[in-house]
Asks: 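Provided herewith is a single structure, encoded as structure tokens, for subsequent inquiry.
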Amino acid sequence: MRVEVIYTNKSKHIKPVAEAMARWVKTYAKSINDFDKNATIDLLLIGFDDSVRKDSELENFIRNLDRKNVHNIALFNAFYLNDHKMTNMIKLCQETNLPLMREQYSFKLTFKQLKEIDQCVIDGARLYIEDMVNICNQYY
């Protein structure tokens, strides 16, 4: 099973979470620019944060994904006040008819976490990716 964990270049707070998730499935987290669009992937995890209101890089990336190459997509994000960006990305995936998993992982950033992400967030991210991999292995 091939799993890819990617994050947007503007997401400075999601990178350590993406790296922890990638280590859990024995791969590396990559930025969107390093993603190979022609590779066949069983599970693609896309990470982003709410630091930017409109992220055209992320939207263009999702629009250019092909259902033939990406079999399952899962989203995870960090937010400060609300998670409207997650809702918008879910709608975008549905509009482009991508195979979006039902569950997403979101966590709220506190002022303490601006410098270092809490271990409970990392543990939650590891449980999330483990669940998504198990679902893909057993049901898809």
Asks: What do the steps show when you test M1 against L43 for side-chain contact (heavy atoms from CB on, under 4.5 Å), and what is the final call?
Replies: CA-CA 8 Å; M1 174 175 202; L43 176 61; 4.1 Å; yes

Asks: Assess whether side-chain contact (heavy atoms from CB on, under 4.5 Å) is satisfied between I46 and L58, documenting all intermediate values.
Replies: CA-CA 9 Å; I46 303 171; L58 178 60; 3.7 Å; yes

Asks: Over 60° means perpendicular and under 30° means parallel, so classify the ring planes of Y128 and Y105, tilted if in between.
Replies: parallel

Asks: Are the aromatic rings of F35 and F61 close, with centres under 6.0 Å apart?
Replies: yes

Asks: side-chain contact (heavy atoms from CB on, under 4.5 Å) between T40 and V70: does it pass, once the steps are laid out?
Replies: CA-CA 6 Å; T40 301; V70 179; over 6 Å; no

Asks: Do L92 and E59 touch side chain to side chain, with heavy atoms closer than 4.5 Å?
Replies: yes

Asks: Give a yes-or-no answer on whether the side chains of N77 and S106 include a donor-acceptor pair shorter than 3.5 Å.
Replies: yes

Asks: Any side-chain heavy atom of E130 within less than 4.5 Å of one from W24?
Replies: yes

Asks: Any non-hydrogen side-chain atom of V121 less than 4.5 Å from a side-chain atom of V17?
Replies: yes

Asks: In this structure, would I90 and I73 fall into the same cluster of hydrophobic residues linked by side-chain contacts under 4.5 Å?
Replies: yes

Asks: Applying salt bridge (Lys or Arg N to Asp or Glu O under 4.0 Å) to E4 and K30, what does each step give before you reach the verdict?
Replies: CA-CA 8 Å; E4 292 280 336; K30 301 176 186 175; 3.1 Å; yes

Asks: Same cluster or not: are F76 and V3 linked, directly or through other Ile, Leu, Val, Met, Phe, Trp or Tyr residues, by side-chain heavy atoms under 4.5 angstrom apart?
Replies: yes

Asks: Please examine the side chains of M21 and R126, heavy atoms only from C-beta on, and report whether any two atoms are closer than 4.5 Å.
Replies: no

Asks: Between Y80 and K108, is any pair of side-chain heavy atoms under 4.5 Å apart?
Replies: no

Asks: Test your reading of the model: is there a side-chain donor-acceptor pair from R67 to the backbone of N97, 3.5 Å cut-off?
Replies: yes

Asks: Given the rule in the side-chain contact (heavy atoms from CB on, under 4.5 Å) test, do I122 and I117 qualify, once you have shown the distances and angles that lead to the verdict?
Replies: CA-CA 7 Å; I122 300 291; I117 303 294; 4.2 Å; yes

Asks: Less than 4.5 Å apart, any side-chain heavy atom of L44 and any of L65?
Replies: yes

Asks: Given R2, which partner from the list T27, V25, D42 fulfils the side chain to side chain contact (heavy atoms under 4.5 Å, CB included) test?
Replies: D42

Asks: Run the side-chain contact (heavy atoms from CB on, under 4.5 Å) test against E19 and tell me which residues pass, sequence neighbours left out.
Replies: K15, R23, A29

Asks: With a 4.5 Å limit on heavy-atom distance, are the side chains of D118 and F107 in contact?
Replies: no

Asks: State plainly whether one hydrophobic cluster holds both I6 and L75, where clusters connect Ile, Leu, Val, Met, Phe, Trp and Tyr through side-chain heavy atoms under 4.5 angstrom apart.
Replies: yes

Asks: Do M89 and F48 have side-chain heavy atoms sitting under 4.5 Å apart?
Replies: yes

